[in-house]
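Below is one structure, written out as structure tokens; the observations come after it.
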Protein chains: 2
Amino acid sequence: MITSGKGAIPLYMQIREFLIAKISKGDWLPGDPIPSEMNLSQELGVSQGTVRKAVTELVEYNVLRRKQGRGTFVSNHDSQRALFHFFHIVDDKEQKVMPDSKVLRCHRKHASRSETLKLQLEDRADIIRIERVRTLSSSPTMIETIILPGHLFKDWDELDSSNLPNMLYELYEKQYGITIHSAEERLRAVAASKHDASHLNLEPGTPLLEIERVALTLNKSPVELRISRCNTRKHHYENTIL
Amino acid sequence: MITSGKGAIPLYMQIREFLIAKISKGDWLPGDPIPSEMNLSQELGVSQGTVRKAVTELVEYNVLRRKQGRGTFVSNHDSQRALFHFFHIVDDKEQKVMPDSKVLRCHRKHASRSETLKLQLEDRADIIRIERVRTLSSSPTMIETIILPGHLFKDWDELDSSNLPNMLYELYEKQYGITIHSAEERLRAVAASKHDASHLNLEPGTPLLEIERVALTLNKSPVELRISRCNTRKHHYENTIL
DNA sequence: AAGTGGTCTAGACCACGTA
DNA sequence: ACGTGGTCTAGACCACTTG
């Protein structure tokens, strides 16, 4: 499994991929501890420092989390982490506010052309479409459309669609074993439609910030397409470039 | 200088700060090689592995750059890097396009209240204000206002303001020894003013993506405030969340 | 006390670039 | 051939958590 020798792939990279595979397969679940560095190094026939280097990279990618004296754990992406990591809207005092949300519609349909492209689905694939309004600082601020591939969320219809949690990523992980790891966002300025305007309590044509997000798993396969239109009168999108 | 012992700050952290200080002071300039890991470890009285760990962190922060077989170099942030790292506008085929730019105005004035706050200046401090239009894919797409603290760019007025380079960060580094290292961006949707509209060749009230950026040096001191208003009809802002 | 991650060492060999 | 960074080892000791 782990091979060494001249011109080979470095051991720590092989071990890193081995660890990723274990997590992707579900052998180690979010929140679980992985074997200690000593155990892994003995089982894999390498030194502890080599295992350590592999683990360090996955800690940097937020796949694993070290706790001194306790062990190394598969990250669980709870609502706090989702808010911290994936939610970039803050109020004008730079404070992150936990959004409230109310579902407007939730139904199954066939994917549109652009949805199939962005979620890498087959033509007219079955999808779930959720529309909701999110309230920040007690005023309706965002209107969101969420598209999920039907085959990944088979028993979705059994959920109470009028009572979904604010932070869906936690639900994806706990109920469907799907962990969102990264995302690509595209931002534009658009004019509010009549529909947007009525739900956000403003005039049609008002400029809104549109955030189109494709959320990906650890293996980079797309799991969710989300289009958020946000009133940026009292809030804005924050991005730090390091 | 480098101290060890029980309960002390770890050596590699001290060395990391030592390296940062050398670069901030200008002892090692962008593009220059730093001493080899062996040399540093001997001079500092630690093992090569410890120096290596310090250097690795700075490579991850883009402060240093390793070249196998050649050495380790202080990053120079040329126009390619500025485009890659700080310019997040792409066309709808996800292609990054080198923007062209034309200066509209360039003059000195006193800082406004909000400018003093965002650039951490004193009341009514001297600032340089540049206004320009940027052309992407051969259509005027962005209108930018750039605010620079006057005291950091003393002989700015001697430059040919109608002929500034597209990528100002390279100029800051080469002419003023100021390297932009990170930035904080705030994005909103706004309606085009008459002034915006006339330069971007569209109707007043059209939604524009406003990007307010504060650019920082390695020591986190703010150097530039830039407000860009962007027509997102054919382009958008792209952000990857890892 | 035992086990975990965190730091640090000293030394080996490999891969790459330059002279 | 030599010097650089890149990988890997074996072992030491420290800091933290749990039983």
Side-chain angles (χ1 to χ4, degrees), chain A residues 1-20 22-23 28 30-76, chain B residues 1-20 22-23 28 30-76:
Chain A
M1 193 144 212
I2 306 293
T3 64
S4 63
K6 261 195 186 181
I9 296 170
L11 295 176
Y12 77 90
M13 291 187 192
Q14 298 181 49
I15 293 166
R16 186 188 60 203
E17 297 308 313
F18 168 80
L19 297 173
I20 287 175
K22 281 289 207 185
I23 295 164
W28 300 332
D32 286 350
I34 70 169
S36 73
E37 294 176 357
M38 278 306 297
N39 281 342
L40 283 170
S41 66
Q42 281 163 20
E43 286 187 25
L44 299 171
V46 299
S47 78
Q48 187 248 13
T50 301
V51 170
R52 187 165 183 78
K53 183 159 183 174
V55 169
T56 298
E57 292 198 356
L58 295 182
V59 168
E60 282 164 359
Y61 296 162
N62 294 307
V63 175
L64 296 176
R65 188 169 170 189
R66 287 198 178 105
K67 298 185 184 178
Q68 192 174 65
R70 297 192 55 205
T72 301
F73 300 77
V74 179
S75 299
N76 57 355
Chain B
M1 191 148 217
I2 305 293
T3 63
S4 63
K6 261 196 186 181
I9 295 170
L11 295 176
Y12 75 92
M13 290 186 191
Q14 297 181 51
I15 293 166
R16 185 188 61 202
E17 297 308 312
F18 168 79
L19 297 174
I20 287 176
K22 281 288 205 184
I23 295 165
W28 300 332
D32 286 351
I34 70 169
S36 74
E37 294 176 357
M38 278 305 296
N39 281 342
L40 283 171
S41 65
Q42 282 163 19
E43 286 187 25
L44 299 172
V46 300
S47 77
Q48 186 251 10
T50 301
V51 171
R52 187 166 182 76
K53 181 157 183 174
V55 169
T56 297
E57 292 198 356
L58 296 181
V59 168
E60 282 164 359
Y61 296 161
N62 293 309
V63 174
L64 296 176
R65 188 169 169 187
R66 286 199 177 105
K67 298 186 185 179
Q68 192 175 64
R70 296 190 57 206
T72 301
F73 299 78
V74 180
S75 298
N76 57 355

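Computed from a predicted structure; not experimentally measured. In what follows, chains are A, B, ... by sequence order, proteins preceding strands, each numbered from 1.
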Practice task
Take the protein atom CZ of B/R16 and the nucleotide atom P of C/dC8, then report the distance between them rounded to whole Å.
Solution key: 11 Å
Handout entry: Non-neighbouring partners of A/S47 that pass side-chain hydrogen bond (donor to acceptor under 3.5 Å, both in side chains), sequence neighbours left out
Key = A/T50
Completion exercise
A/R65 atom CZ is separated from C/dG6 atom C1', nearest whole Å, by 16 Å
Handout entry: d(CD, B/Q14; P, C/dT7) in whole Å
Key = 13 Å
Practice task
Please name all residues satisfying side-chain hydrogen bond (donor to acceptor under 3.5 Å, both in side chains) with A/E57, sequence neighbours left out, ordered by chain then number.
Solution key: A/R16
Handout entry: CG on A/L40 to CD1 on A/I15, rounded to 0.5 Å
Key = 8.0 Å
Practice task
Using whole Å, report how far CG of B/D32 lies from P of D/dT4.
Solution key: 16 Å
Problem - Base versus backbone protein contacts along nucleotides 9-19 of chain D [heavy-atom cut-off under 4.0 Å; B, S, -] - result: B-----SBSS-
Problem - N or O in side chain of B/R52 less than 4.0 angstrom from D/dG5 OP1/OP2 - result: no
Exercise for the section: State, yes or no, whether a side-chain contact exists between B/V63 and B/V74 at a heavy-atom distance under 4.5 Å. Expected result: no
Fill in the blank from the handout: With the side chain defined as heavy atoms from C-beta on, A/M13 is closest, among C/dG6, D/dG5, D/dT7, to D/dT7
Handout entry: Those residues of residues 36-43 of chain B lying under 4.0 Å from DNA chain D by at least one heavy atom
Key = B/S36, B/E37
Fill in the blank from the handout: Across all chains, not counting sequence neighbours, the side-chain hydrogen bond (donor to acceptor under 3.5 Å, both in side chains) partners of A/T72 are none
Problem - Nearest-angstrom distance from the residue atom CD1 of A/I9 to C1' of D/dG6 - result: 15 Å
Problem - salt bridge (Lys or Arg N to Asp or Glu O under 4.0 Å) contacts touching residues 58-73 of chain A (sequence neighbours left out) - result: A/E37-A/R66
Handout entry: Atom pair distance, as rounded to whole Å: NZ in B/K53 and C1' in D/dG5
Key = 18 Å
Practice task
Give one of base, sugar-phosphate or nothing for B/T72, where a contact means two heavy atoms less than 4.0 Å apart.
Solution key: sugar-phosphate
Problem - Side-chain touch A/Q14/A/F18, heavy atoms, less than 4.5 angstrom - result: no
Fill in the blank from the handout: Separation between CD1 (A/I23) and OG (A/S75), nearest 0.5 Å, reads 8.0 Å
Problem - Interatomic spacing from CG in A/L19 to CG in A/L58 - rounded to 0.5 Å - result: 6.0 Å
